[in-house]
Trainee: 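My structure is below; once you've seen it, I'll send some questions.
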Amino acid sequence: MKKIRVKILGKIVILIGTILVVAMGTNTFINIIQFEKNYRYALQTKVIAIGENLENMLQNTLSLGFPLENLPGLNEKCLEIVENYSEISDCYITNTNMEVIYHNNPSFVGKILSGKQKALQDASVRVISSEGEKFYEICVPILHQKSEPLGTIRLDVPAQYIYSKTKRMALNSVLLLIASFIVVFLVALYFARGITRPLKSLTDGAKAISSGNFDYRLKVESNDEVGELSESFGRMAWNLKQREKELRESRDYLHHLLERANDLIYTVDTRGCFTYLNPRIKDYGYSIDELLGKHFLTILTKKHGGKRFGKSVQEKVRQSYEVEARTKDGVVRNCIISTSPLLGHDGKVTGLLGIMRDITEKKKAEEEIRKKNEELENFVYVVSHDLKAPLISVQGFSSVLLKDYHEKLGEEGQRYLERIKANTHRMEVLITDLLTLSRIGRVVHPFKDVPCLEIVKRVCSTLKPRLEKNGIEVSIADNLPTIHCDEDRIYQVFENLLVNAIKFMGNSDSPEIEIGYEDKNGFHQFYVRDTGIGIDPKYHRKIFEIFHRLKEIEDEEGTGIGLVIVERIINNHGGKVWVDSEKGKGATFYFTLSKTASPTP
């Protein structure tokens with residue numbers, strides 16, 4: 001702070017001192033010149049007046065008839081003038097021949113002066129030099145009857161006398177300048193202290209705040225910029241305190257989340273060594289301290305070589321993959337690891353954040369469910385297949401009875417047999433759909449790239465008789481893409497949706513079915529829209545449940561499995577299916593297919 005005070009003081013002194021020196025110096029220089037000029041003029045006027053008084057006294061004496069050369073007491077008068085007026089060094093009178101006839105120093109009487117100005121008609125002033133000294137010579141002519149020159153009164157004033165007065169005046173000006181400079185210095189010191197005192201308070205406050213004392217309050221009260229700066233410091237300290245509080249709460253909250261998480265959360269550096277582990281590492285039999293600084297492969301089985309770790313560090317990619325973790329006791333657990341790169345301020349990878357979840361029990365449960373589903377599907381397949389044989393026998397015997405014993409059965413017997421035949425057919429369709437549904441989970445066809453337009457055209461060609469019978473127009477979008485799928489299953493999807501649209505067309509004045517497509521980034525989205533009777537929103541989810549059928553139409557062929565098959569196929573292709581409809585306003589079935597779909601058993 002002393003350095004700042006010295007700097008401010010120095011700058012103020014230099015600035016004001018420079019201005020003062022320039023201003024007062026210029027003014028003093030002008031005043032000295034003007035003083036010398038004015039003083040010289042005043043002195044000359046005074047000396048001329050002395051000479052003229054002497055000349056008037058001589059005129060009074062000369063008027064009595066005395067000659068100029070024989071006037072008594074003039075030497076003494078000249079001496080009196082020199083003694084009474086310190087500025088006059090010599091007083092003497094010369095005649096017209098330049099002979100000194102009276103002098104304050106009688107030894108000069110009788111000398112002839114050379115180079116002196118002869119008698120004049122009027123008083124005059126000129127500069128002369130004598131023995132290297134400069135003088136101002138004031139000459140007052142002595143005239144006979146105010147016209148004829150008789151001689152000249154000469155008064156010499158040393159130039160040094162004027163110079164001494166000027167020097168004294170200059171010295172006084174310099175002393176005044178020095179005194180002013182001292183005053184300026186004291187005033188500058190006062191103002192410097194006035195400025196640096198609040199700055200010192202601001203400095204102390206900044207140091208206190210930087211050291212973490214956000215409760216420090218600055219003691220600067222002023223209405224200027226320093227006061228505003230002090231208020232800003234106060235607000236900054238308060239904001240920093242609030243920010244520190246928020247950061248502390250956020251840090252504590254994050255720490256709590258990490259410490260309480262059910263999964264193992266850790267960080268590693270670019271070498272793969274642990275830099276942080278949450279307490280869940282204890283679930284694997286290790287303590288935090290014994291693993292910090294060790295390589296993460298320490299807790300994995302030997303089958304893992306760390307290739308994915310290298311990819312995450314080099315390519316800055318997030319990854320998620322299954323691993324086998326080994327506990328300290330040697331027990332192997334199935335886990336999923338998700339990693340994300342940690343980046344520094346320069347954008348370079350400084351390490352990885354990893355989350356490891358134990359899915360051992362989940363894998364066991366999935367395996368059990370898979371076995372149960374497989375057993376269930378096998379059961380459905382066996383039961384459905386075994387039921388088909390007696391159904392075929394019933395249908396065959398019913399047909400034989402109707403054909404060979406037509407007359408003996410009578411109308412009522414024939415009606416009963418027709419009902420038996422129809423129900424056995426319906427039972428056959430239901431068993432067929434159940435077999436189809438069971439095969440979706442068991443039979444997986446290879447995926448390949450197929451133009452969707454070809455699939456839709458094949459379906460429409462198959463259903464052409466039914467479409468023409470019902471007078472239904474079908475419009476197909478020309479932007480249907482090539483998709484990667486199980487071709488037979490997707491054929492089933494479009495066939496079931498179109499059959500469903502045909503059945504529920506109702507008595508529409510302009511029956512129409514529209515097949516369209518939209519690109520949804522990572523998914524293909526298709527839709528089948530009809531102008532049929534529509535579906536009440538409360539049934540939108542139920543129609544995808546097995547054996548659920550709408551009661552709005554008489555559908556002897558329907559089994560309530562068609563849309564279940566559609567949903568199962570779409571799910572196996574990584575997509576979803578839904579309906580948008582209102583009663584009496586037609587229906588639109590949407591389904592999506594993943595662009596990166598792969599077979600899902």
Side-chain angles (χ1 to χ4, degrees), residues 30-63 66-171:
I30 295 173
N31 287 342
I32 290 173
I33 295 175
Q34 190 65 35
F35 172 80
E36 181 183 3
K37 181 179 178 181
N38 293 340
Y39 185 75
R40 184 172 65 246
Y41 177 78
L43 185 60
Q44 291 172 357
T45 302
K46 177 181 178 181
V47 173
I48 289 173
I50 295 171
E52 288 178 345
N53 289 335
L54 180 59
E55 193 269 339
N56 289 333
M57 183 187 72
L58 290 176
Q59 288 291 346
N60 291 333
T61 305
L62 292 174
S63 65
F66 294 101
L68 178 62
E69 288 80 356
N70 297 318
L71 295 177
L74 279 182
N75 287 331
E76 289 78 6
K77 185 64 177 177
C78 287
L79 180 59
E80 181 185 345
I81 290 173
V82 172
E83 290 177 349
N84 290 336
Y85 299 99
S86 59
E87 57 266 41
I88 299 174
S89 61
D90 293 292
C91 176
Y92 53 99
I93 300 171
T94 61
N95 58 19
T96 55
N97 296 322
M98 300 302 292
E99 179 186 357
V100 178
I101 55 178
Y102 302 102
H103 199 289
N104 59 290
N105 185 353
S107 63
F108 284 95
V109 175
K111 288 186 177 182
I112 302 299
L113 302 178
S114 61
K116 293 285 185 177
Q117 193 174 20
K118 293 185 177 182
L120 302 172
Q121 292 291 332
D122 299 308
S124 66
V125 179
R126 69 172 185 159
V127 180
I128 63 173
S129 296
S130 176
E131 298 179 357
E133 189 175 355
K134 185 178 178 182
F135 292 89
Y136 289 97
E137 185 182 60
I138 292 88
C139 300
V140 179
I142 303 171
L143 303 176
H144 177 63
Q145 295 181 351
K146 302 297 183 180
S147 60
E148 182 183 352
L150 297 177
T152 304
I153 300 172
R154 299 178 186 273
L155 301 168
D156 291 344
V157 178
Q160 187 61 38
Y161 180 84
I162 296 176
Y163 294 158
S164 64
K165 293 291 184 180
T166 304
K167 287 180 180 179
R168 186 177 295 116
M169 190 268 182
L171 180 60

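Index from 1, following the sequence.
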Trainee: State the CG-OG1 distance between Leu150 and Thr94, to the nearest 0.5 angstrom.
Mentor: 11.5 Å
Trainee: Side chains of Met57 and Lys77: does their closest heavy-atom pair fall under 4.5 Å?
Mentor: yes
Trainee: Determine whether Pro158 and Ser89 make a side-chain contact, defined as any pair of heavy atoms from C-beta on separated by less than 4.5 Å.
Mentor: yes
Trainee: For Pro149 versus Leu143, what's the shortest heavy-atom pair and its separation?
Mentor: CA-CD2, 3.7 Å
Trainee: State, with a plain yes or no, whether a side-chain heavy atom of Tyr92 is found less than 4.5 Å away from one of Asp156.
Mentor: yes
Trainee: Please report the shortest heavy-atom distance between Ile153 and Ile142, naming the atom on each side.
Mentor: CG1-CD1, 3.6 Å
Trainee: Between Asn95 (side chain) and Asn97 (backbone), is there a donor-acceptor pair under 3.5 Å?
Mentor: yes
Trainee: Which value, rounded to the nearest 0.5 Å, describes the distance between Asn84 atom CG and Leu79 atom CG?
Mentor: 9.0 Å
Trainee: Mind listing the closest non-hydrogen atom pair of Tyr102 and Asn75 along with its distance?
Mentor: CA-OD1, 3.1 Å
Trainee: Side chains of Asp90 and Val82: does their closest heavy-atom pair fall under 4.5 Å?
Mentor: no
Trainee: Please round to the nearest 0.5 Å and tell me the distance separating atom CD1 of Ile138 and atom CZ of Arg154.
Mentor: 11.5 Å
